[in-house]
Engineer: 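Here it is: the structure, laid out below.
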Number of protein chains: 2
Amino acid sequence: MSVTLDHPSEASRAETRRAQVRVAAADCFRQHGFHGTSIAQISKAAGMSTGHIYHYFENKEAIIADIVARDLDRLLTLTAELRAAGDVKSAMIERAVEGVEDNLDPGTAGLQLEIVAEAARNPRVADIVRAADRQCRASLAATIRTQRLAAGHQDSEAALAGMVETLAAMFEGLQIRTIRNPDLDQAAVVQVFRRMIHDLLSQTP
Amino acid sequence: MSVTLDHPSEASRAETRRAQVRVAAADCFRQHGFHGTSIAQISKAAGMSTGHIYHYFENKEAIIADIVARDLDRLLTLTAELRAAGDVKSAMIERAVEGVEDNLDPGTAGLQLEIVAEAARNPRVADIVRAADRQCRASLAATIRTQRLAAGHQDSEAALAGMVETLAAMFEGLQIRTIRNPDLDQAAVVQVFRRMIHDLLSQTP
DNA sequence: CATTATAGAATGAACGTTCAATCTATATTG
DNA sequence: CAATATAGATTGAACGTTCATTCTATAATG
């Protein structure tokens, strides 16, 4: 049997609305933070009534949780992509510019920092963030291990974890840097990052 | 003429009270965030009435601004210390463990992330944070330049800025890492960081 | 016509802030 | 040195507002 999906109704009408709320809410959160944003603001930005929002989300926290969960899927995709590359070292060095650009974008950085600050005190958000991070770390560690093995280096789990954490700290740290120093020289950072990534992946134990 | 100050009243009694509020508020902010913390909570933690808080601070934002300003003084002291070291490279590598420890402390990290997230949207906080960061960068750039010159390397302003930003991103990035991965292996990170700092300071253009 | 989508008013709690009143301790006076 | 005056510290209740959430009623849909 075949079902025509010319307008994406079916179950997706509700999902469209949910997405509408998510996008509007993310925008508000970026500008005012989670706890500085009211349901009234979100409803206005989403173009619907306050009451209607509660048709799609149990409460404000559920909106936050949904945004966080979706956002982390993005990161998982990225690590998976990297893993699929032929020459991992070259791929990482080439794609460093993307990673730097992404993390330096003030919009991205603002929301990411809001999320991690919230995770520091909200267990529900922390659980989501940590589960996704665990997956990313595992993927990145596996990627680096195969690249290192191919180059003849055999690393301990701890050494591998140290490399993963350092790489993560570098890129995620840029989210903080772009707030603290909005005039930051992106090209200069990319150059140093490339060199550091090369050194990191080539270092002998 | 001489004035006896046997009891430290005069101007310092008020300052004691202000400090009391600062400490209590910082604690609340760590646990609930700036906008998740009420004046009632702060007053309870500080052991004084809500109204009395307004004797020492114009409003809630002023408490935030005061905490941020004080906290950044701490960082400025650290860069100044580093600058005074004889062998800068060795000093940085040796003291890396302190920097890692400090940034991985969940209490520190939580408040720092709260501050930078607030700076992303609150101009008053942003001004304070950016002014302090500018000073830190200048100090660190000067320190690295002299160390590099002594080793025979002449770097452009941009290259120097890239190194400074990368170092800052690494250490500040740990604040994010400790939230995302509370089980992070500190010793492994220190080892990789030391190697990276060495490479960074020794690299040929 | 039944079900779902939507709007908007209603509710009660919590918020930041203000304020009149009280308490405490020092200074002034007789 | 007792009595009084004065200033500043401190309180907790009160204010108006805003908040998240719920309730009720109407419109759209199939």
Side-chain angles (χ1 to χ4, degrees), chain A residues 3-26 28-29 31-67 114 118 121-122 124-125, chain B residues 1-26 28-29 31-67 114 118 121-122 124-125:
Chain A
V3 184
T4 38
L5 285 176
D6 32 320
H7 38 229
S9 51
E10 292 291 326
S12 85
R13 172 163 192 95
E15 184 42 43
T16 303
R17 281 286 195 241
R18 281 180 67 93
Q20 212 175 319
V21 175
R22 252 197 316 272
V23 170
C28 292
F29 292 156
Q31 287 176 59
H32 312 290
F34 286 142
H35 300 285
T37 297
S38 68
I39 296 287
Q41 279 176 293
I42 297 173
S43 69
K44 181 174 267 183
M48 67 180 68
S49 66
T50 56
H52 197 193
I53 294 210
Y54 286 86
H55 234 40
Y56 299 109
F57 293 93
E58 194 199 336
N59 53 32
K60 196 176 160 186
E61 200 194 17
I63 305 179
I64 297 174
D66 199 29
I67 288 176
E114 192 63 35
E118 181 68 14
R121 52 188 133 84
N122 180 335
R124 183 167 170 189
V125 172
Chain B
M1 86 187 189
S2 71
V3 184
T4 38
L5 286 175
D6 34 317
H7 38 230
S9 51
E10 294 290 330
S12 89
R13 172 163 191 93
E15 184 41 43
T16 303
R17 280 290 196 235
R18 281 179 67 93
Q20 212 176 319
V21 175
R22 252 198 315 271
V23 169
C28 293
F29 291 156
Q31 287 176 60
H32 310 106
F34 286 143
H35 300 286
T37 297
S38 67
I39 296 287
Q41 279 175 292
I42 297 174
S43 68
K44 180 174 271 183
M48 67 180 71
S49 66
T50 56
H52 197 38
I53 295 215
Y54 287 87
H55 232 46
Y56 299 109
F57 294 93
E58 194 197 335
N59 51 32
K60 196 176 159 185
E61 201 194 14
I63 305 179
I64 297 174
D66 199 30
I67 288 177
E114 192 61 36
E118 181 69 14
R121 49 188 135 85
N122 180 334
R124 183 165 169 191
V125 172

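Labels below follow one simple rule: chain letters A, B, ... track the order of the sequence lines, proteins then strands, and each chain is numbered from 1.
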Engineer: If I take atom NZ in residue B:Lys60 and atom C1' in nucleotide C:dA14, what distance separates them, rounded to the nearest angstrom?
Structural biologist: 11 Å
Engineer: Roughly, in whole Å, what's the span from CG in B:Asn59 to P in C:dT17?
Structural biologist: 5 Å
Engineer: Rounding to a whole Å, what distance do you find between B:Phe34:CZ and C:dG16:C1'?
Structural biologist: 17 Å
Engineer: Which comes earlier along DNA chain D counting from the 5' end, the contact point of A:Gln41 or that of A:Glu58, where each point is its nearest nucleotide?
Structural biologist: A:Gln41
Engineer: Please determine whether a side-chain nitrogen or oxygen atom of B:Tyr56 lies at a distance below 4.0 Å from atom OP1 or OP2 of D:dT10.
Structural biologist: yes
Engineer: With the side chain of B:Met48 defined as its heavy atoms from C-beta on, choose the nearest nucleotide among C:dA7, D:dT21, D:dT11.
Structural biologist: D:dT11
Engineer: Using modelled atom types only, decide if a donor and an acceptor are shared between the side chain of A:Gln20 and the backbone of A:Ala46 within a distance under 3.5 Å.
Structural biologist: yes
Engineer: May I ask you to say whether A:Arg124 pairs ionically with A:Glu118, meaning some side-chain N is under 4.0 Å from a carboxylate O?
Structural biologist: no
Engineer: Can you tell me how far C1' of D:dT18 sits from NE2 of A:His32, to the nearest Å?
Structural biologist: 15 Å
Engineer: Give the nucleotide from the list C:dT6, D:dT11, C:dC15 with an atom nearest to the side chain of A:Arg17.
Structural biologist: C:dT6
Engineer: Within the 4.0 Å heavy-atom criterion, would you say B:Ser43 contacts the bases, only the backbone, or no part of the nucleic acid?
Structural biologist: nothing
Engineer: Calculate the interatomic distance between A:Gln20 atom CD and C:dA5 atom P; express it in whole Å.
Structural biologist: 13 Å
Engineer: Looking at C:dG8, C:dT17, D:dT10, which one has an atom nearest to any side-chain atom of B:Ser49?
Structural biologist: D:dT10
Engineer: Take A:Gln31 and A:Gln41 through the side-chain contact (heavy atoms from CB on, under 4.5 Å) test and state the conclusion after the steps.
Structural biologist: CA-CA 11 Å; A:Gln31 287 176 59; A:Gln41 279 176 293; over 6 Å; no
Engineer: Please state how far atom NE2 in B:His55 lies from atom P in C:dT18, giving the value in whole angstrom units.
Structural biologist: 13 Å
Engineer: Flag the pair A:His55 / A:Arg17 as yes when at least one side-chain heavy-atom distance between them is below 4.5 Å, and no otherwise.
Structural biologist: no
Engineer: State whether A:His52 places a side-chain N or O below 4.0 Å from either non-bridging phosphate oxygen (OP1 or OP2) of C:dA5.
Structural biologist: no
Engineer: Starting at CD1 of A:Ile53 and ending at P of C:dG8, how long is that distance when rounded to a whole Å?
Structural biologist: 13 Å
Engineer: Could you state the atom-to-atom distance from CD1 of A:Ile39 to P of C:dA10 in whole Å?
Structural biologist: 20 Å
Engineer: Which residue, A:Ile64, A:Ile42, A:Ile63, forms the side-chain contact (heavy atoms from CB on, under 4.5 Å) with A:Phe57?
Structural biologist: A:Ile63
